[in-house]
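In what follows, a structure is listed as structure tokens, so that the remarks can point back to it.
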Amino acid sequence: MVTINSLRTFSAIAYNELLLNSKRVAPYVMFIMCGGNALLWWGWGPATGRGWATNSDFFIAGVLPVYSFMTLPLFTALMMADPVIKDFRTGIDPLIFSKPVSRAQYLLGKFCGNYFTLMCGQSAFVLTLFVLQWVSKQGVIVQEAKFFPYLKHFLFFVVISHLVLGAFYFTVGTLTRNAKIVYGLGVAFYPVYITYQVVLLKSLPSPWPTILDPLLMNRRNLHPTSVDVINRLVVVYDANEIINRVVMILLTTICLAILYKRFTTTERSGTVEKFSVLNLSTAAERVYYHESLQATLVDEFDYKAARMLTGVAVPEVVRVNKGIRAGTDKLIAALGVEFSLLRAERSLVVVMPLAIFFSVLEVGFYNIPAAGSHSVAYATNTAKLLLLFLIGIVVFYTGEAMHRDREVKIEPVIWSMPVPNSVLLLSKFLATVVLTFSLMVVVGLIAILIQLVRGHTSVEFSAYLTVYGVVLMPGTVCLAAVIVAASVLLRNKYLVYVGAVGTGAGLFYLYNAGYNHWLYNPLLYNLWRYEDLTGERILAYRLYCFILAAACLAVAHILFERRSR
Amino acid sequence: MLVIRDLMKTYASGVQALKGISLQIQPGMFGLLGPNGAGKTTLMKILATLLQPDSGTAELDDLNLIKARAETRKKLGYLPQDFGLYPTLTAAQMLDYFAKLKGVTGKKERRSLVDALLERVNLSAERNRRLGGFSGGMRQRVGIAQALIGNPQLLIVDEPTAGLDPEERARLHNLLAETTRENTVVLLSTHIVSDVSNLCSHFAVIRRGEIVTATSPETALAGLEGRIWEATLPREQVDGLKASGQIISTQMAGRHTRIRMLSKNGKPAEPFVAVTATLEDHYFIVVNQV
């Protein structure tokens, strides 16, 4: 019987998950990306130009399954993979399981807390669409403001779809205690789902494709004749769609029931997965012995025997700490370590493929008008889409790099080393820059490959070099420098993120409202055409961009203090 | 020699952590004993160039540790009380990185240094294991290994044995004892008295930001000879003893209490017997004195 106390325990666990998730980067990245996605659908989606109202029932119900498929599965995997693994990894599991907490309370609390966080991230899409009802843009039609369709269709097309996916990922992650498997499943979702659609669902008679499609992409197609009818249409869910949703909820229940039956709190014989663990428990926090007992044991310990364990002479070494060469060597070493730490960030497993996928989506599947050359069209198109991802990557990963040492508590050790401040700052700055440059290279190569596959030859490397080298690279350098300076000034990762997101949102609003000037748009968002990239004016813009970057780095260097708390 | 003069530090919160610390520390191992919150870590951080004092000086031979921070770091090995390591790097990668930061540029030299350090801290077998999977003791050993890179002239180890099991503690004691070179000042901060009695030729006790005693273990014990008394008494008699001398420590033993007392005027009462003084007695006496 469910008692008030058991509900309290369940809600305490769920609330704690919300608290933990509020300190992670992923939900914020997700929120921003989903909001940005909504912005694109609203202003540059199928509604514009066709006369569809962007707050019509038809548009909302039509766009949500597509959004649910294109953006969310990887985030579902990321968020639902490791809520339980984290407890085992940080070693808090014995503290939790020694309390009067049942398996059901624990698992449901964990699932609901994380799924609610996921839902909040997902909701950024509909929230943005909802808010955009009060924003006017040329070509965008808006009817009288409404609220209920957003909520109704979001719950129906997004929340229930990802409930089953989330339960599946949560079950796999918890039972295997290996988040990598779940991330693998998350990445494999697209090919598996597309194959499932093409091979199985398309061959089934109606209504099975609708009933068996977890994302409801196979809804019956409505083809109203006039725009007026479309905008007045009220979307009603048919019986097959409702059956589908019931099936999905049942599958979720079955998944969680299997998990409940199979989940054990006992320790595994093998080690719990330890990759990219920030195990911050210090030696001082581990108390194995009562102090008096410890002292007695040490006093009685056989020092002679223990001495056998040591005794290897540490060789004398030559140390070079002066001169440019020494500084450069240290910078290269620090850069190597910072870059390897960046590569170990788990979220990159999701963010990088997503960035590549969306950057080449248009050139891969749509016809890009090539006024001059195909390479120019491909490079321009991919650069415009990639820029948005680069902004996110630079902001969040530079922020992570700048605050990692403090979070891992290695700061006092590093700060006591004979390393100039410039090395500490530049290594983090350059690591993010190298990461983004690598992403540009990969996107560029994939775009060239697509160009070849689609027969849009000949390939002009100079077009890619010009676009990426003149537009993307200086912009990335400048933004990374700004974040470095902001991190030094604010000394708090979340303040930096909030500041960056707020400023970014404000600037993008200004740019789209027509107030777009190179002085406050060093990234040249919507401020360039390929023909402009070879003139003298662009040289001045880029010079300005580099001067801004240098100024930010100088400010960071001046204000950086090895200040212990 | 490390000379500290009138070091003062008050935090922004108003807590006066150091109230004019002065010490003269010869090469060798010097223990800094004190209860939690006494100011040990603040003093260590100042000497490790991580905190600026409000006033006072600290000099290692002719080097001003407070002003010439960059120079100080070249001669410093520091093991903080609470530190972490990059969990995704292996032990060898981490030490190699620290060696590079300390200016060991030769690749071969660095490799043999890392090998020797790992051997020394008994982690050779774990050299390619990620640090995220290391136990507290193993991480502490990596910490001490990094502090030893480049044969520092000033080695600061802040509470290195806290939380370690007896074997790890003994290993760390040996390591510290063996690595103390002729011209190296090793400053060991701890609240475990046996760390000092096992390792240090001299020590100081710090309490509420002030040095209350600075001496050698031998001198400290000599000063207590014949003045420490012990007895096991019913609990209700303990309160009545306070007038007879300073109670150093009490320990419950069933329905009785084992009590150690300091008495300068001979036996405080029956059935007390004279016992050999320990450094712990000295510590309790100076820490608890009004």
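Each chain gets a letter, A, B and so on, in the order its sequence line appears, and its residues count up from 1.
A pairwise comparison of heavy atoms in A:V408 and B:L85 identifies CG1-O, 3.0 Å as the closest pair. Among all heavy-atom pairs drawn from A:E338 and B:Y86, the shortest one is OE2-OH, 3.9 Å. Nearest heavy atom pair, residue A:S416 against residue B:L50, reads N-CD2, 4.2 Å. Considering all non-hydrogen atoms of both residues, B:E109 and A:V317 come closest at OE2-CA, 3.3 Å.
In this structure, B:R73 contributes its side chain and A:W415 its backbone to a donor-acceptor pair below 3.5 Å. No donor-acceptor distance shorter than 3.5 angstrom exists from the side chain of B:K100 to the backbone of A:K330, with no hydrogens or angles considered.
B:K102 contributes atom NZ, which lies 6.0 Å from atom CZ of A:R319 (distance to the nearest 0.5 angstrom). Here the CD1-CG distance, from A:I410 to B:L131, works out to 8.5 Å after rounding to the nearest 0.5 Å. Taking CG of A:L342 as the start and OG1 of B:T88 as the end, the distance is 10.0 Å to the nearest 0.5 Å.
At a 4.5 Å heavy-atom cutoff, the contact between A:S340 and chain B is made by side-chain atoms alone. The contact between A:E316 and chain B is made by backbone and side chain atoms together, counting heavy-atom distances below 4.5 Å. Of the two parts of A:A333, the backbone and the side chain both hold a non-hydrogen atom closer than 4.5 Å to a non-hydrogen atom of chain B. Heavy atoms closer than 4.5 Å to chain B are found in the side chain of A:V337, but not in its backbone. Both the backbone and the side chain of B:L113 come within contact range of chain A, judged by heavy atoms closer than 4.5 Å. Heavy atoms of A:N321 lying under 4.5 Å from chain B belong to its backbone as well as its side chain. Looking at B:Q93, there are no atoms closer than 4.5 Å to chain A (heavy atoms on both sides), in backbone or side chain.
The closest side-chain heavy-atom distance from A:I414 to B:F98 is below 4.5 Å. No side-chain heavy atom of B:T49 sits under 4.5 Å from any side-chain heavy atom of A:R562. Between B:M94 and A:V413 there is no side-chain heavy-atom pair separated by less than 4.5 Å.
With chain B as partner, the option from A:D329, A:V419, A:L341 having the largest number of non-hydrogen pairs under 4.5 angstrom is A:L341. Ranking B:P80, B:A48, B:G106 against chain A, the residue ahead of the rest is B:P80, based on heavy-atom pairs under 4.5 Å.
For B:R111, the CZ atom sits in a loose shell: 12 or fewer heavy atoms of surrounding residues, nucleotides or ligands are nearer than 6.0 Å. Heavy-atom contacts from other residues, nucleotides or ligands closer than 6.0 Å to CG of A:L95 number more than 12.
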